[in-house]
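Per chain, numbering begins at 1; letters A, B, ... match sequence-line order.
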Amino acid sequence: MTFFTDSLPIYLNGAWYTLMITVGGCALAFVISMIFGILGTMRSLVARAIATVYVEIFRGVAALVLMFWLFYAMPLLIGYRLEPVVAAILALGLNVGAYGAENVRGAINAVPRAQYEATVALNFEPLQRMRLVILPQAWAQMLPTFGNLVIELMKGSAVVSLIAVSDLTFVAQQMRTFTGETLLAFLAALIMYFILAQIFLFLTRMAERRANRRLGRLPDRPAKKRAIPSMAGVARGGES
Amino acid sequence: MPQSEQNIQDTIRPDASPDVPGPGDAVQQPLIRFEKVVKQYGDNVVLRELDFTVQPGQRVTLIGPSGSGKTTILRLLMTLEQIDGGVIWVNGDPLSHMYKGDHLVPANEKYQRAVRKKIGMVFQQFNLFPNMTVRRNITEAPIHSLGVPRGEADERAAELLDMVGLKERIDEHPTRLSGGQQQRVAIARALAMRPEILLLDEVTSALDPELVAGVLDVLREIARTTDITMLAVTHEMGFARDVSHRVLMFDHGRILEDGPPDQIFGEPREERTKSFLHAVLESG
Ligand SMILES: Nc1ncnc2c1ncn2[C@@H]1O[C@H](COP(=O)(O)OP(=O)(O)OP(=O)(O)O)[C@@H](O)[C@H]1O
Ligand SMILES: [Mg+2]
């Protein structure tokens, strides 16, 4: 127990780095997802080609290799070394953004065509169609996958330990070296990652619920509330 | 939209055509003119050089068997489909094309927005925006595409909702309304854009029978109190008889019969029209 209490501040510091890189990477990934996702739904062949090229390149590249490249190889080209944290955020954001773009593209394409046709009938400009009608409806569809990508990005952020950013994984390795408590050192990291993941999951679920409410979809009630068989029968009879 | 230069050159600005009298006696420039309009999906030629005109204020009902091209005509007018040949004119302006010097070339988005402003459409499945309240469904388009100030748009929305009998539902989500109520909101939404032409594609077909009358009453009211030009596809023959000046019977993308409702419904000339009307009345 003393292991945990003694090393808590160090782990919290590691969690802080993990959190920072995750949030930064997600912000970048989100912007990239939106840009290349929307480009991918446009009628223009050029726009779609740009989106496809981006997605195919960055989906295929491992975040780790991309990060090494940004951190070690780029300085040779531009003569300027990125901060390790910046290199990590860039690598994770560019990589996860490619998956996010596919998510955005799919969600936009899943909005019924009839909605698009209604925007034409009401003479909206193309940008207004997207902003006022299509994206708000696609948003609810995007969120579950975005939630998963946030978690993926957080787990992927462990690669930063390889360029000496003292994130959770880095801290765990150091604690193992210094204390020899291999089991405990990694158990503590597992718990911290788990807690972070729960926080992100909670936030995305809130966002999902909000998005569905805005579309007039009622949130799923917990099963308990309508489990009484006789009442359920009455309710169904009343609706029809 | 493969269309030969020659074909385009042939179609110069048409003069007022005297072939169809309007609701009044005076012959005016037609509000809508289909000129040798061709529409095909792959090898399936849906409209083959279709010609017809509609005068301002005229209310026209389109009838005909399934697949005869009624929806296609409305969708072409709403610019939801690309035209494959000929020209559609709205108020003397080509809808599908624009002038480049003396030539007609396929219209771009900006030009189409200008011409399309006159046209509104109500869909079979309502197509309300689920991400907006009833109020915003009605006000967003006037605000954003016509530049109407929000306060004015709100007032107009309240008026229109009052007219369709849904004043007190203004702040609800459309998903909370019945089909008939949603369709009445959709009608209000279309009218908020102050269209000169209203396209109605089987607007009661998706409704439960008991909800049909409410929607038809609203349309009757619009017919009575406005001079909006209407093109309606419907199987509600009683309604068509009451409100329309003219009925067009379509078959395989051609106009089989064209006349006032009393004639078409009372003494149809074509055998095909007779059997069609018989079938509709049978099922309705
Ligand atoms: N998107 C499409 N792709 C391919 N064919 C189509 C498409 N839309 C319509 N068609 C075809 O065009 C023809 C005319 O269709 P349209 O919807 O205009 O008929 P309609 O008169 O409205 O029929 P209904 O009474 O069933 O609504 C039909 O043969 C139909 O199969
Ligand atoms: Mg149809």
Chemist: May I ask you to list the residues in residues 110-118 of chain B that approach chain A closer than 4.5 angstrom, counting heavy atoms only, ordered by number?
Modeler: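 Within residues 110-118 of chain B, the residues under 4.5 Å from chain A are Arg113(B), Arg116(B), Lys117(B).
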
Chemist: With side-chain contact (heavy atoms from CB on, under 4.5 Å) as the criterion, how do Arg75(B) and Glu117(A) come out once you've worked through the C-alpha distance, each side chain's angles and the decisive distance to 0.1 Å?
Modeler: CA-CA 10 Å; Arg75(B) 289 174 58 83; Glu117(A) 293 182 348; 2.8 Å; yes

Chemist: Should we count CD of Gln40(B) as having more than 12 external heavy atoms under 6.0 Å?
Modeler: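 Counting neighbours around CD of Gln40(B), more than 12 heavy atoms of other residues, nucleotides or ligands fall under 6.0 Å, so yes.
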
Chemist: Within a radius of less than 6.0 Å around CZ of Arg59(A), do more than 12 heavy atoms belonging to other residues, nucleotides or ligands occur?
Modeler: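 It does: Arg59(A) CZ has more than 12 such atoms within range.
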
Chemist: Would you please test Val120(A) and Thr79(B) for side-chain contact (heavy atoms from CB on, under 4.5 Å) and show each step?
Modeler: CA-CA 8 Å; Val120(A) 174; Thr79(B) 68; 3.8 Å; yes

Chemist: Please name the pair of heavy atoms, one in Asn127(B) and one in Ala118(A), separated by the smallest distance, quoted to 0.1 Å.
Modeler: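 Nearest heavy atoms, Asn127(B) then Ala118(A): O-CB, 3.7 Å.
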
Chemist: Can you confirm whether more than 12 heavy atoms, excluding those of Arg220(B), are under 6.0 Å from its CZ atom?
Modeler: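 Yes, because the 6.0 Å sphere around CZ of Arg220(B) holds more than 12 heavy atoms from other groups.
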
Chemist: Hey, which of Met121(B), Glu140(B), Arg136(B) has the most heavy atom pairs under 4.5 Å with chain A?
Modeler: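 Top count of heavy-atom pairs under 4.5 Å with chain A: Glu140(B).
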
Chemist: Looking at every heavy atom in both Gln115(A) and Pro130(B), which two are closest together, and how far apart are they?
Modeler: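 Gln115(A) and Pro130(B) have their closest heavy atoms at OE1-CD, 3.6 Å.
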
Chemist: Taking Asn131(B), Leu199(B), Thr175(B) one by one, which has the highest count of heavy-atom pairs under 4.5 Å against chain A?
Modeler: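 The residue among Asn131(B), Leu199(B), Thr175(B) with the greatest pair count is Asn131(B).
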
Chemist: In terms of heavy-atom proximity below 4.5 Å to chain A, should Phe123(B) be classed as side chain, backbone, both, or neither?
Modeler: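 For Phe123(B), side-chain heavy atoms alone lie under 4.5 Å from chain A.
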
Chemist: Please rank Met193(B), Met132(B), Gln125(B), His144(B) by heavy-atom pairs under 4.5 Å with chain A and give me the top one.
Modeler: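 Ranked by heavy-atom pairs under 4.5 Å with chain A, first place is His144(B).
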
Chemist: Examine whether an atom of Glu172(B) lies under 4.5 Å from a heavy atom of chain A, and if so say whether it belongs to the side chain, the backbone or both; otherwise answer neither.
Modeler: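 For Glu172(B), neither part sits under 4.5 Å from chain A.
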
Chemist: Between His173(B) and Arg214(A), what is the shortest heavy-atom contact and its length?
Modeler: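 Closest approach of His173(B) to Arg214(A): CE1-O, 2.7 Å.
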
Chemist: Check the surroundings of atom CG in Leu127(A): do more than 12 heavy atoms from other residues, nucleotides or ligands lie under 6.0 Å from it?
Modeler: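 Counting neighbours around CG of Leu127(A), 12 or fewer heavy atoms of other residues, nucleotides or ligands fall under 6.0 Å, so no.
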
Chemist: Can you tell me if CG on Asp162(B) sees more than 12 non-hydrogen neighbours from other groups inside 6.0 Å?
Modeler: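 Yes, the 6.0 Å shell around CG holds more than 12 heavy atoms from other groups.
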
Chemist: For the pair Ser145(B) (side chain) and Leu122(A) (backbone), establish whether a donor and an acceptor sit closer than 3.5 Å, ignoring hydrogens and angles.
Modeler: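 Yes; at least one donor-acceptor contact below 3.5 Å.
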
Chemist: So does Tyr17(A) have more than 12 non-hydrogen atoms from other groups sitting under 6.0 Å from OH?
Modeler: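 Not buried by this count: 12 neighbours or fewer within 6.0 Å.
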
Chemist: Once rounded to the nearest 0.5 Å, what's the spacing between atom CG of Asn123(A) and atom CG of Leu146(B)?
Modeler: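 With rounding to 0.5 Å, CG (Asn123(A)) is 7.5 Å from CG (Leu146(B)).
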
Chemist: What part of Glu125(A) lies closer than 4.5 angstrom to a heavy atom of chain B: side chain, backbone, both or neither?
Modeler: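 Its backbone and side chain both get close to chain B.
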
Chemist: At a heavy-atom separation under 4.5 Å, does Met78(B) approach chain A through its side chain, its backbone, both, or neither?
Modeler: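 Both parts, heavy atoms under 4.5 Å.
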
Chemist: Around atom CZ of Phe194(A), are there more than 12 heavy atoms of other residues, nucleotides or ligands at under 6.0 Å?
Modeler: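 Open: at most 12 neighbouring heavy atoms sit under 6.0 Å from CZ of Phe194(A).
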
Chemist: For chain B, which residues of residues 129-142 of chain A have at least one non-hydrogen atom nearer than 4.5 Å to it?
Modeler: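 The residues closer than 4.5 Å to chain B, in numerical order, are Arg129(A), Arg131(A), Leu132(A), Val133(A), Pro136(A), Gln137(A).
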
